[in-house]
Amino acid sequence: MTDQLIIFDTTLRDGEQSPGASMTRDEKLRIARQLERLKVDVIEAGFAASSNGDFEAVQLIANTIKDSTICSLSRANDKDIARAAEALKGANRARIHTFIATSALHMEKKLRMTPDQVFEQAKQAVRFARNLVDDIEFSPEDGYRSDPDFLCRVIEAVIKEGATTINVPDTVGYAIPELYGNFIKNLRERVPNSDKAVWSVHCHNDLGMAVANSLAGVKIGGARQVECTINGLGERAGNCSLEEVVMAVKTRRDYFGLDLGIDTRHILAASRMVSQTTGFVVQPNKAVVGANAFAHASGIHQYGVLKARDTYEIMRAEDVGWTANKIVLGKLSGRNAFKQRLQELGVQMESEAEINAAFTRFKELADRKSEIFDEDILALVSEENVSQHKEQFVFVSLSQHSETGERPQASIVFTVDGKEVKGSSEGNGPVDASLKAIEAHVKSGAEMVLYSVNAISGSTESQGEVTVRLQNSGRVVNGVGADPDIVVASAKAYLSALNKLQSKADRVAAQG
Ligand code: KIV
Ligand code: ZN
């Protein structure tokens with residue numbers, strides 16, 4: 001008998017709740033495909049009842065992904081649960097994840113319910129869900145700050161009603177590894193039917209301990225499911241990071257003694273896809289997927305690694321998808337080579353017309369940049385995805401002038417609902433002038449809360465990838481744009497953020 005650790009990815013649900021990280025249905029499907037390639041056991045595809053968009057995304061993913069279990073979050077009421085079951089109809093394996101808060105603070109201040117009412121509602125929700133699908137996960141929200149006696153009572157009852165997974169969230173990231181591990185252990189020991197369910201950990205990273213807490217929940221508490229997100233994406237300081245928790249369990253198998261179904265070679269591509277889609281840049285010193293994670297800058301380290309790599313390396317870079325930053329394609333590469341590389345990168349295009357359009361953009365890029373890396377192709381495909389969705393604002397061309405001692409000027413041409421418009425402005429720098437030129441025409445009134453530039457493949461010949469975060473009327477969105485010219489990349493990112501601001505997003509908050 002193997003002792004398997006279930007990896008439950010919630011990038012598309014809890015990750016997406018991070019302000020600015022909202023994704024389109026097609027972006028979610030692309031990420032779900034990458035998660036399937038990674039052999040994630042359970043994909044939490046969304047919160048079906050929160051909006052029509054989320055319902056459609058869960059449905060599309062359930063109808064398409066065949067190897068992973070597809071899960072939808074749902075509040076503990078019949079209406080939400082029925083909606084989740086409806087969205088999951090096409091799944092090979094479906095799970096409903098229902099939750100209700102159990103901490104005194106949340107019950108009293110947020111739900112305005114008594115513990116007895118919460119107890120009854122939790123039971124009723126699981127009973128209702130169990131009639132619709134077999135695989136039911138129950139989460140007592142803010143579980144770690146809940147009274148253990150009450151928690152034991154609720155958990156015993158929902159297992160009796162048919163819950164198959166019990167997840168104990170540290171919703172606000174308050175836990176300490178040893179305490180959280182013992183908290184789970186104690187619950188498992190005290191709940192009489194605890195052996196009838198798989199126990200799961202779900203940790204937020206507010207104190208930077210989400211991964212450590214999750215691992216303690218596994219090692220001390222005996223949990224056999226970890227809930228996590230790619231790059232640790234998530235509200236506030238994020239969730240437990242999939243790549244870190246997976247590589248910790250794999251690298252220290254001597255300590256954890258657990259098996260994983262994950263194909264770790266697809267980790268880096270997943271990280272890049274999530275970062276490029278959401279505009280949440282990965283910090284260079286981030287474990288496993290950061291640009292410096294396997295870079296040995298110090299002379300002593302380089303010497304050691306050259307002699308015997310295990311002097312300073314505890315993981316093999318290639319095991320998580322790093323390859324030597326080789327030139328993959330160039331100006332002379334043909335359509336077949338391009339198509340094959342897309343397949344190797346796990347990018348699926350719906351039609352030959354889409355491949356042709358992406359290939360044309362690739363050729364345009366290859367004319368301006370002699371070496372095309374995987375990162376360039378992924379950025380290009382992200383943009384291709386966007387341009388196909390008949391966005392309201394689409395970049396056409398830009399010219400700008402800057403000279404020492406003079407105020408920079410920019411003129412931009414873009415389309416608004418297919419009609420070409422022009423704008424010009426001065427600014428503090430060429431980027432500022434270009435974005436002001438757009439704003440002069442659009443007059444969105446949005447506030448820019450973040451602007452960042454990242455070199456996609458490291459050198460000055462690289463494409464610049466720009467993220468722009470805009471805030472307007474309480475909504476926060478991220479736009480991403482890539483181009484060898486960072487002023488153009490900035491304009492594209494700004495237009496992409498404006499497009500997202502235009503799209504309606506009437507959602508019910510998961511923790512609202
Ligand atoms: O953090 C949390 O409590 C959650 C629940 C909805 C599981 O995300
Ligand atoms: Zn959460």
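Atoms within each ligand, like the ligands themselves, are counted from 1 in listed order. Numbers here are sequence positions counted from 1.
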Check each atom of ligand 1 against the heavy atoms of Pro169 and keep those under 4.0 Å away; list them by number with element. 2 (C), 3 (O)

N or O contact, Ser139 vs ligand 1, cut-off under 3.5 Å: no

Opening angle at the Zn ion (ligand 2) [NE2, His202; OD2, Asp14; to 10 degrees]: 90°

Inter-residue atom distance Thr102.OG1 - Ile100.CD1, 0.5 Å rounding: 9.0 Å

Parallel, tilted or perpendicular for Tyr144 and Tyr174, by the 30°/60° rule? tilted

Based purely on interatomic distance, does His202 place a nitrogen or oxygen under 3.5 Å from a nitrogen or oxygen of ligand 1? yes

Within 4.0 Å of some non-hydrogen atom of His204, the atoms of ligand 1 are 1 (O)

Has ligand 1 got any nitrogen or oxygen that is less than 3.5 angstrom from a nitrogen or oxygen of His97? no

Does Arg13 come within less than 4.0 Å of ligand 1, judged by its heavy atoms? yes

Would you say Gln124 and Glu161 are linked by a side-chain donor-acceptor pair, where the criterion is simply a distance under 3.5 Å? no

Going by the atom numbers of ligand 1, which of them fall below 4.0 Å from some non-hydrogen atom of Glu141? 3 (O)

Using salt bridge (Lys or Arg N to Asp or Glu O under 4.0 Å), reason through Glu44 and Arg95 one step at a time and then give a plain yes or no. CA-CA 9 Å; Glu44 188 162 51; Arg95 173 180 295 188; over 6 Å; no

Does NZ or CZ of Arg83 fall inside the cone over Phe47's six-membered ring, less than 6.0 Å from its centre and within 45° of the axis? no

Is the shortest N/O to N/O distance between Thr171 and ligand 1 below 3.5 Å? yes

SB check Arg13 Glu16 (cutoff 4.0 Å): no

Is there a nitrogen or oxygen of Asp142 sitting under 3.5 Å from a nitrogen or oxygen of ligand 1? no

Quick check with a 6.0 Å cut-off and a 45 degree axis cone: is Arg153 positioned over the face of Phe119's six-membered ring? yes

